[in-house]
2 protein chains.
Amino acid sequence: MTTNPAPIRVAIVEDHADFRDGLRLMLSSSQRLTIVGAFPSVEASMRDFPECDVLLLDINLPGRSGIESIPVYKRQSAAMQIVMLTGLDDDESIFNAILAGADGYLLKKTPPARVLAAVEDAAEGGTPMTPYVARRVIEHFKSTSPAKTEYQLSDREREILSALVKGLDNRQIADTLFISYETVRNHLKHIYEKLHVNSRTQAVSKAITERIV
Amino acid sequence: MTTNPAPIRVAIVEDHADFRDGLRLMLSSSQRLTIVGAFPSVEASMRDFPECDVLLLDINLPGRSGIESIPVYKRQSAAMQIVMLTGLDDDESIFNAILAGADGYLLKKTPPARVLAAVEDAAEGGTPMTPYVARRVIEHFKSTSPAKTEYQLSDREREILSALVKGLDNRQIADTLFISYETVRNHLKHIYEKLHVNSRTQAVSKAITERIV
DNA sequence: GTGACAATGACCCGAATGCGTCATTTTATC
DNA sequence: GATAAAATGACGCATTCGGGTCATTGTCAC
């Protein structure tokens, strides 16, 4: 956002020569970027990998896949931001890339101006993604963060329940909460009733998967 | 993407008159959009809410907050895409909005051209978000997803473990796997050793939180 | 001030669990 | 073919747990 900052050094790993060259041309039209390398494969890039700020990385590559290579690149340069630029829009590819440490995820149909903006966003510490990808991530996010049903547990009961989840036995729970062993068992009975379960295993399972704790 | 499609109907709920008017002006400069309403509060918008495709919604509003109102709007019109447009960039606001059903999350400093693009993305079923917000979401996503450590469980042991997580007792596990009760107990001993725990509660807890199952 | 409920505490009993030791068979792996 | 690991099965024993019943205290609403 300052005037005339240091240019962002960008590298590209993409096997299709046409797309790679188009990308290079397009990106070098910006004053803010410098293309420091463009390679057809991970292996080729590794032979003499240039220092850079942002790496545009394809997934479908001959030899080593882009996703597998993320950790390798990150080990080489932890500060480098890796933005996936790929045609693959399935959940599997998206999540694996993100979990592997990708800092952005663009689909190839993204218009040039957006790719340019994305590179800048990534360099500034953001995580650019195309709206479709964002939707996939959010959906997955929501599906694992469940509409929590209400079991009307009292505060004390929730406290006991989270001790259960920690793996404490009744004696330990009693000691940490400064109440008697028998009282803990009574609370547990009530918890089981409210959760409609009949063992601590089931209670723990339900507590975690339904985010009650 | 087709030529001259039906215009996207956009409504705005934003209390600051200046920002609201600026937004309206800016958005109406696009041929593809029609502003069908601009309101200073949720209550005001509810009095005569126009049918629309995309709603730009602030969070910090006098009266009812934008986040709380998301379900209300969604009940009114499920197809409407709700894009938050707010100054709040804390995790709490972001996640609550998303979990409440927001279809996009932009910060107010987003440049006008991007807001315009975001409205179009939302109308097309994407989830536009500013790169910063995406970063927050991804971080949270990663923090709840795993770094899975390897415990070298055998297939059979994993099978037993997931039965544990379902809340079955040893007798039930034995019956479903067609092995003897004692064998189940033996597997459990090995599982406990490998997971470094000493109760089924702890095993279940570890299995779920570390995504072993 | 009476009923409802949460929190505390106690006892009993049968079943489930954790832990130890031992043994046989199957399946890889070298 | 030997060795190691996994899968199977068994028994004993002390402990924990689940479920039942009962009682006291405090708080809150009506």
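Chain identifiers are assigned alphabetically (A, B, ...) following the order of the sequence lines, protein sequences preceding nucleic acid strands; residue numbering begins at 1 within each chain. Values in this document were obtained by computation on a predicted structure and should not be read as measured data. The analysis underlying the following values was restricted to heavy atoms, covering all of them including side chains, and did not include hydrogens, waters or symmetry mates.
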Nucleic acid contacts of [range], taken as heavy-atom distances under 4.0 Å to DNA chain C:
range: residues 159-178 of chain B; answer: B/Asp169, B/Asn170
range: residues 180-195 of chain B; answer: B/Tyr181, B/Arg185, B/Asn186, B/Lys189, B/Tyr192
range: residues 197-206 of chain A; answer: none

field: Carboxylate-amine/guanidinium proximity below 4.0 Å for B/Lys109 and B/Asp89
entry: no
- prompt: Do A/Asp58 and A/Lys108 sit within salt-bridge range, that is, some charged N less than 4.0 Å from a carboxylate O?
  reply: yes
Salt bridge (Lys or Arg N to Asp or Glu O under 4.0 Å) with [X]: which residues, sequence neighbours excluded?
X: A/Arg64; result: none
X: B/Glu159; result: B/Arg156
X: B/Asp155; result: B/Arg158
X: A/Lys74; result: A/Asp103

Bounds of contact between DNA chain C and chain A, in 5' to 3' order, using a heavy-atom cut-off under 4.0 Å: C/dA6 to C/dC12
statement: Hits for ring pair (Phe, Tyr, Trp, His ring centres under 6.0 Å) against A/Phe95, two or more places apart or cross-chain, chain-then-number order -> A/His140, B/Phe141
field: Qualifying residues under side chain to side chain donor-acceptor pair (under 3.5 Å), relative to A/Ser65, sequence neighbours excluded
entry: none
- prompt: Just wondering, do B/Asn198 and B/Tyr192 contact through their side chains at under 4.5 Å, heavy atoms?
  reply: no
message: Quick check on the helix from C/dG1-D/dC30 to C/dC30-D/dG1: what's the angle between its two end axes, five base pairs per end, to the nearest 10°?
response: 60°
Can you pull every protein N or O that's under 3.5 Å from an N or O on nucleotides 28-30 of chain D?
none

